[in-house]
Structure formats: C-alpha cells, structure tokens
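I have placed the structure first, in the form of structure tokens, so that the comments after it can refer back to it.
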Amino acid sequence: MDPIVSSDEKVFSFPYTILRIDAHLTSDFLSARMGIRQVHVPLARLQHIFVDDRRERDNVELLLSYFDARGRVKRARLFSDHGEPGLRELVDAILVIRPGVELVGLTPDEAYVAMGAKPTKWVALPLVMSFGYLLVCLLCTPLLVHGLDDG
C-alpha cells in the first residue's frame, strides 16, 4: 500500500492478525498505534533497526532501539503479517532519514545483543526450576512438620 502523504507526514498501514497498524513517520518521529499500545520513537536518537522475518514465526517483527532523554537504551517493537509491503516501505522510509542503522546479516540473538539486550536464555530454565523446587518445599513444609511432631 502506498504511503499517504500529508505535509511532512507519511502514513504506512499494514495488518497484524486482526489489527490494522498505522505508522506515522515525520522527519523527527515515528509514531504507531497497535491496538491500545502506542509506540513513539525519536528518529534523532535511533540507533538500530532489525527486521525479524523468519518463516517459522507467525509474524514479522520490526525492532527499533533508541536512547531516551536520560540516555538509557529503549526498544520499540512493531509487528506485521508476513508478506505485507507496508512494513518494508516503512523501514525503507526510515532508512532514507537515518541511513546505516539497519542491522543486516545477523541472527535475531546477535541483533538483540547489538541493541543492548543481555542474553538471559541460559538463566531462564534454572531460575524456573529453582522457583518450582522452592514452591514445592514451601507447600510440603506443613506435612513434614506434622509428620515429625508427637501428636
């Protein structure tokens, strides 16, 4: 779908499941609404863009990393169905304003690390298992105490 141009603003539309995403792009900001969720990215602080378009996924993810006013790294995510040209047109329009920010040739894990995320995949399973073990111990403590008393 061709972008709708009104003054300095371009609007890109693309579907994501049952939602219609409308992304508004100016020379300063990217603003999008996904249902009740709003995304606002100042393009002057944009650091990286990564498009995760793996076929085994149900959707396409556009990941943008930028610095907020305090200098912290923030990430914004937009989603689209596979094969929708509106998302690619949005990425191309962003790259005209900020060339060289797209991460190309990286795996999604490498792209997340390049955008400032810490790899925590190895922590999740031991943490969940430890929490489950402690929860079972806590729930069984009254049985153990009652089994050891004289009454």
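Counting begins at 1 with the first residue of the sequence.
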Using a strict 4.0 Å threshold on nitrogen-to-oxygen distance, state whether Asp68 and Arg45 make a salt bridge.
no

The test is side-chain hydrogen bond (donor to acceptor under 3.5 Å, both in side chains); show your working for His82 and Asp53 and say whether it passes. CA-CA 7 Å; His82 284 283; Asp53 192 10; 2.9 Å; yes

Worksheet item: Is a side-chain donor-acceptor pair under 3.5 Å present for Ser31 with His24?
Response: no

Under 4.5 Å between side-chain heavy atoms, hopping through other hydrophobics if needed: is there a path connecting Tyr112 to Leu106? yes

_Carboxylate-amine/guanidinium proximity below 4.0 Å for Arg88 and Glu102_ = yes

CE of Met129 to CZ of Phe131, rounded to nearest 0.5 Å, is 13.0 Å

Between Asp52 and Arg54, does any side-chain N to carboxylate O distance fall below 4.0 Å?
yes

Rounded to the nearest 0.5 angstrom, the OH-CG distance for Tyr16 and Leu78 is 11.0 Å

**Item:** Same apolar cluster: Leu87 and Leu19, side chain cutoff 4.5 Å
**Value:** yes

Cluster membership besides Val136, Ile/Leu/Val/Met/Phe/Trp/Tyr side chains within less than 4.5 angstrom, sorted by chain and number, is none

Atom pairs and distances, donor-acceptor, side-chain atoms in residues 93-101, under 3.5 Å, two or more places apart:
| from | atom 1 | to | atom 2 | distance (Å) |
| --- | --- | --- | --- | --- |
| Arg98 | NH1 | Leu43 | O | 2.7 |
| Arg98 | NH1 | Ala44 | O | 3.3 |
| Arg98 | NH1 | Leu46 | O | 2.9 |
| Arg98 | NH2 | Leu46 | O | 3.2 |

For Tyr66, the side-chain hydrogen bond (donor to acceptor under 3.5 Å, both in side chains) test, sequence neighbours excluded, returns none

Separation between NE2 (His48) and CG (Leu63), nearest 0.5 Å, reads 10.5 Å

